[in-house]
Each structure stands twice: as C-alpha cells, then as structure tokens.
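Below is one structure, written out as structure tokens; the observations come after it.
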Number of protein chains: 2
Amino acid sequence: MAEESANPERISEAEQAVMEALWARSPLTANEVADAVAPARGWTLATVKTLLSRLVAKQAVQTAPDGKRFLYSPRVARVDFATGESKRLVDRLFGGSAAGLFAHLADAEALTDKDLTQIEALLKELRK
Amino acid sequence: MAEESANPERISEAEQAVMEALWARSPLTANEVADAVAPARGWTLATVKTLLSRLVAKQAVQTAPDGKRFLYSPRVARVDFATGESKRLVDRLFGGSAAGLFAHLADAEALTDKDLTQIEALLKELRK
DNA sequence: TGTAATCGACTACGGTTGTAATCTTGAACC
DNA sequence: GGTTCAAGATTACAACCGTAGTCGATTACA
C-alpha cells in the first residue's frame, strides 16, 4: 500500500487557519496564503511563513519548488481533519457516542430548526 | 445577576481528566482525585496536584478547607464545558452548522446504527 | 556587476501544557 | 519539644503555540 500518512500530528488552531486557505485553493505561494489569511487574523507575512513551515514539518502540507519559491498544498484532506477532530470530541466528551453529542446539543438548545430539518432529511436519506 | 463566571478559561486535556473525577464525585481531596485519575494516566500525585492548582487558578475548581487540607469541587458544570467545546468544534469546522457536523459524521461512517436509532428517537421527541 | 528585492530558513520569546520534584508549613506522634 | 509525615505552594523544564524579527541566498533590475 502506498505510503500511509504515518502520524497525523495535531494541527493547531492558528495552523488550521492556514490550512483553510490551502483547502480553499491550492497550490498557493506563501504570499498568496498570507493574502488570504493574514488580514483577517491581523498576522504579518512572517507569521504565516512560520505556520507554513510548521505545517510542512508536521507533514500536513507539501511543497513543490516553483522557481525560487515554493508552492504549498495540503497533504491532509479537510475531510480527514474534520473527521479526526470530530471523533476526538465525541470520544473525549461523550464516551464515543455521536448520539450523545447530538442529545447534548439538543439539550443545550444549540440546534436550530434548520439544523433539525436538515438532520431529519439526512436521516431519511440514510435510512433509504 | 449573581456573579457570572467571568472568563471561561480553557481547560486542557490533562486538566479535563481531573475535572472528570470531580464531575463524577465531589468534593474530593487531592489524594482522592489522584486515586481516581492517576493510575489510568500513569501520573504521580504531584502531577495531579499541579493540575488541581491550575484548575483553581483558572477558576474551574473551587476549594473548601477541611482541617489541614482542601476539598475540591468543580465550579464549571460538565454540561457547560461540553457545550462550549462542542460549539467550538461546530464553529471551527462546520461554519456553525450542527447539521454540517452531523452530515460529516454520517459521511465518514462515524455513526453506528445505534447512533442513528437514538438520534431518530430524539428527533421524534423534539418534534413533539 | 553591484545593489535591491524576495524568499525560505533560522532564531526569538513569552505563554500554555504535560509532567514532576522540591520547599514550606502545620499537625501528629513519641 | 524535636522529628516525621502529609498537604498545598513554589519551582522546573521541555515541548508546543502564537507571533514575529533577522539572516542568508538567490534573483532581477539598473
């Protein structure tokens, strides 16, 4: 089997902001990532570069040389990241029960009518 | 209004383990907390004491003197903690849409049949 | 060809986290 | 009353995180 992504090192919150830019569009240069991300977070270019380096070190991002600079692209899919984080939450807080999470959100009135309608529709779909 | 818990400082993962012990039963002495959590995590008593101190500093735990020692009890409810963490996740990953999280879990096949049945039942209940 | 701009690499630094040892103080025991 | 024990307080320290400045090399322009 092809080189399985060995260790999914954790992506921090600031790092995630960088990933979001790359998930939205890639490959990007460091400058393009900064343009996409820095203003909203009040970051300098240097900060974005540091985060990119760390993400490369964590093997969450890969680089391809393009002349004198690099083009960055995600190495982990957003879907996988989301799954990992979601499962972590469900495990840590609800003993692994996704239904527990759902019940909790309902209890906390964190579900909008729209949420309920959409979930209902999804359930129907799943049951088909 | 009665002294609102000013700043819900973040509780780290190790700290959560300590909180779990206190959420399960409280008040407890530091030793009792250690008995409850240290073995499973391979911690020494000193580690548990450090975590308790930090939790007190973060105002997540309160103390009551009991002779020469303290009795510790949670100051934040588990429910509130869970709600906060869950919302954070939903915001960070699914643009605030709980249905988005649910759809994602479904997609990732992270929902068991049991989950589905329970969620269905909950939905029916909510719709009543 | 010398100089300026650009880019990634390296360094920095305070805060948090994980993990723990040591210090201090008060109580209990002999 | 001096010694030992238990408990919290203080200190430690490496890794990680947020945020950024500086360095060295390469490129491009004058």
Side-chain angles (χ1 to χ4, degrees), chain A residues 7-22 26-73 75 81 84-85 88 92, chain B residues 7-22 26-73 75 81 84-85 88 92:
Chain A
N7 58 332
E9 247 174 308
R10 261 171 87 44
I11 291 172
S12 79
E13 191 155 344
E15 285 160 1
Q16 192 199 327
V18 167
M19 293 301 293
E20 294 292 350
L22 294 173
S26 78
L28 293 181
T29 67
N31 271 299
E32 288 168 335
V33 173
D35 286 346
V37 161
R41 316 266 308 201
W43 284 342
T44 69
L45 175 59
T47 299
V48 173
K49 283 182 178 179
T50 300
L51 293 172
L52 279 170
S53 301
R54 289 183 183 165
L55 285 167
V56 170
K58 287 183 182 179
Q59 307 198 306
V61 161
Q62 61 191 158
T63 58
D66 172 49
K68 65 173 295 193
R69 62 207 165 150
F70 284 156
L71 294 180
Y72 296 86
S73 9
R75 238 186 126 171
F81 175 70
E85 293 294 303
R88 274 174 52 81
R92 254 165 43 97
Chain B
N7 57 336
E9 249 174 308
R10 258 168 94 43
I11 291 172
S12 79
E13 190 154 345
E15 285 160 2
Q16 191 198 329
V18 167
M19 292 302 293
E20 294 293 350
L22 293 173
S26 77
L28 293 181
T29 67
N31 270 301
E32 288 168 334
V33 173
D35 286 346
V37 293
R41 316 264 310 201
W43 284 341
T44 71
L45 174 59
T47 298
V48 174
K49 284 182 176 178
T50 299
L51 292 172
L52 279 171
S53 301
R54 289 180 183 168
L55 286 167
V56 170
K58 288 184 181 179
Q59 306 198 306
V61 160
Q62 60 192 157
T63 58
D66 172 49
K68 63 173 298 190
R69 63 209 165 147
F70 285 155
L71 294 179
Y72 296 85
S73 9
R75 240 186 124 173
F81 176 69
E85 294 294 303
R88 274 175 53 79
R92 256 167 41 97

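Residue numbers start from 1 in every chain, and the chains themselves are labelled A, B, ... in the order their sequence lines are given, proteins ahead of strands.
Between the CG atom of B/L52 and the P atom of D/dA6 there is a distance of 18 Å, given to the nearest Å. The nearest whole Å value for the distance from the CD1 atom in A/I11 to the C1' atom in D/dC16 is 14 Å. When rounded to the nearest whole Å, the span between CD of A/E13 and P of D/dC17 equals 12 Å. If you take CG of B/D66 and P of D/dA6, they are 16 Å apart, rounded to a whole angstrom. Rounded to whole Å, atom C1' of D/dC16 lies 9 Å from atom CD of A/E15. If you measure from atom CG of B/L55 to atom P of D/dG8, you get 14 Å, rounded to the nearest angstrom. For B/L28 and D/dA7, the CG to P distance is 14 Å, given to the nearest whole Å. The CG atom of B/L71 sits 18 Å away from the P atom of D/dA6 (whole-angstrom rounding).
Here the CD atom belonging to A/Q59 is positioned 5.0 Å from the CZ atom belonging to A/R75, to the nearest 0.5 angstrom. The line from OG1 of B/T63 to OH of B/Y72 is 7.0 Å long, rounded to the nearest 0.5 Å.
For B/R41, the side chain to side chain contact (heavy atoms under 4.5 Å, CB included) partners are B/A14, B/A17, B/W43, not counting sequence neighbours. Residues forming a side chain to side chain donor-acceptor pair (under 3.5 Å) with B/Q16 (at least two apart in sequence, or on another chain): A/R92, B/E20.
For DNA chain C, the span of nucleotides reached by chain B at under 4.0 Å from its heavy atoms goes, 5' to 3', from C/dT17 to C/dG26.
A distance-only check finds a donor-acceptor pair linking the side chain of B/K58 to the backbone of B/R10 [under 3.5 Å].
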Let me have the donor-acceptor pairs involving side chains of residues 45-53 of chain B, under 3.5 Å, with sequence neighbours excluded, atom names and distances please.
{"residue": "B/T47", "atom": "OG1", "partner": "B/T44", "partner atom": "OG1", "Å": "3.4"}
{"residue": "B/T50", "atom": "OG1", "partner": "B/A46", "partner atom": "O", "Å": "3.1"}
{"residue": "B/S53", "atom": "OG", "partner": "B/K49", "partner atom": "O", "Å": "3.0"}

Please output the side-chain donor-acceptor pairs of residues 64-71 of chain A that fall under 3.5 Å, not counting sequence neighbours, one pair per line with the distance.
none

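A salt bridge is defined here as a Lys NZ or Arg NE, NH1 or NH2 lying under 4.0 Å from an Asp or Glu carboxylate O, and A/E13 with B/R88 meets this definition.
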Can you give me the N/O atom pairs linking the protein to nucleotides 19-26 of chain D at distances under 3.5 Å, or say none if there are none?
{"residue": "D/dT19", "atom": "OP2", "partner": "A/W43", "partner atom": "NE1", "Å": "2.7"}
{"residue": "D/dT19", "atom": "O4", "partner": "A/R54", "partner atom": "NH2", "Å": "2.9"}
{"residue": "D/dA20", "atom": "OP2", "partner": "A/T44", "partner atom": "N", "Å": "3.3"}
{"residue": "D/dA20", "atom": "OP2", "partner": "A/T47", "partner atom": "OG1", "Å": "3.1"}
{"residue": "D/dA20", "atom": "N7", "partner": "A/T50", "partner atom": "OG1", "Å": "3.1"}
{"residue": "D/dA20", "atom": "N6", "partner": "A/T50", "partner atom": "OG1", "Å": "2.5"}

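Residues A/Q62 and A/V56 have side chains not in contact (no heavy-atom distance under 4.5 Å, counting atoms from C-beta outward).
Taking both residues in full, the closest heavy atoms of A/I11 and A/A60 are given as CD1-CB, 4.0 Å, listed atom of the first, atom of the second, then distance. Across every non-hydrogen atom of B/S73 and B/S26, the tightest pair is CB-OG, 3.8 Å.
Note on the helix from C/dT1-D/dA30 to C/dC30-D/dG1: terminal axis deviation equals 30°, with five pairs used at each end and the result rounded to 10°.
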